[in-house]
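Let me begin by presenting the structure, written as structure tokens, before commenting on it.
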Amino acid sequence: MADFNSSFDMPSSSLSENAESAELQRLIAVEQQKAQFQAQVHNFTDVCWDKCMEKPSSKLDSRTETCLVSCVERFIDTTLSITNRFTQMVQKGAH
């Protein structure tokens, strides 16, 4: 009789393990997205800092601020354009 009950427990425990595994995979994907975002921010910070900062000071002058804003906007636009192009390529390849 114990064997009969344990066989019914298996699917329930298997479902629970599958749900836990799916949740873990979702959490890992979220953390990977966060890490990718952080890496992108770090990357464009480095690029734009090197491009726009002539000499560090206690305040940003308007020219440097404008340069930084433009640099970041170009970086984001370029990243979005590349991402959209890859998405189109993947969608065409899937059909």
Side-chain angles (χ1 to χ4, degrees):
M1 197 71 153
D3 289 337
F4 181 73
N5 287 334
S6 67
S7 68
F8 281 109
D9 291 339
M10 279 298 277
S12 173
S13 110
S14 178
L15 288 174
S16 176
E17 287 175 10
N18 286 343
E20 288 175 7
S21 177
E23 178 64 12
L24 181 60
Q25 289 176 355
R26 188 191 68 76
L27 289 173
I28 290 171
V30 166
E31 290 303 314
Q32 286 174 333
Q33 287 176 341
K34 287 180 187 178
Q36 288 173 342
F37 177 77
Q38 291 276 340
Q40 283 290 81
V41 169
H42 181 73
N43 189 16
F44 73 67
T45 299
D46 282 348
V47 168
C48 294
W49 180 270
D50 291 343
K51 177 177 174 43
C52 298
M53 290 302 294
E54 293 177 12
K55 57 181 181 193
S57 66
S58 61
K59 291 181 93 174
L60 288 178
D61 61 11
S62 63
R63 184 172 149 251
T64 303
E65 185 177 355
T66 301
C67 178
L68 287 169
V69 168
S70 295
C71 180
V72 170
E73 287 175 352
R74 280 194 314 269
F75 197 91
I76 291 170
D77 288 345
T78 301
T79 301
L80 287 173
S81 177
I82 291 169
T83 302
N84 289 337
R85 180 67 181 129
F86 280 139
T87 300
Q88 289 173 354
M89 291 169 56
V90 167
Q91 287 174 347
K92 284 183 181 179
H95 293 290

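Annotation: salt bridge (charged side-chain N to carboxylate O under 4.0 Å, His left out) contacts of K55 (sequence neighbours excluded): none.
The side-chain heavy atoms of Q25 and S21, taken from C-beta on, include a pair separated by under 4.5 Å. For the pair M89 and F86, the minimum side-chain heavy-atom distance is below 4.5 Å. Residues M53 and L60 are in side-chain contact: their nearest non-hydrogen atoms beyond the backbone lie under 4.5 Å apart. Looking only at side-chain heavy atoms (C-beta outward), E54 and R63 come within less than 4.5 Å of each other.
When T83, I76, I82 are each tested for a side chain to side chain contact (heavy atoms under 4.5 Å, CB included) with T79, only one passes: T83.
Note that OG1 of T66 is 8.5 Å distant from CG of D61, once rounded to the nearest 0.5 Å. Separation of atoms CD (E17) and CG (L24) is listed at 12.5 Å; rounding is to 0.5 Å. To the nearest 0.5 Å, atoms CD (Q36) and CD (E31) are separated by 12.0 Å.
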Ignoring hydrogens and angles, write down the donor-acceptor pairs under 3.5 Å from the side chains of residues 38-46, residues two or more places apart or on other chains.
{"residue": "H42", "atom": "NE2", "partner": "D46", "partner atom": "OD2", "Å": "3.3"}
{"residue": "T45", "atom": "OG1", "partner": "V41", "partner atom": "O", "Å": "2.6"}

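Note on F75 and L80: same hydrophobic cluster, where clusters join Ile, Leu, Val, Met, Phe, Trp and Tyr whose side-chain heavy atoms are under 4.5 Å apart, directly or indirectly.
Remark: SG of C71 is found under 2.5 Å from SG of C48.
Here L27 sits alone; no ILVMFWY side chain lies under 4.5 Å from its own, so it joins no hydrophobic cluster.
Looking at S81, its side chain never comes within 3.5 Å of a backbone N or O of D77 through a donor-acceptor pair.
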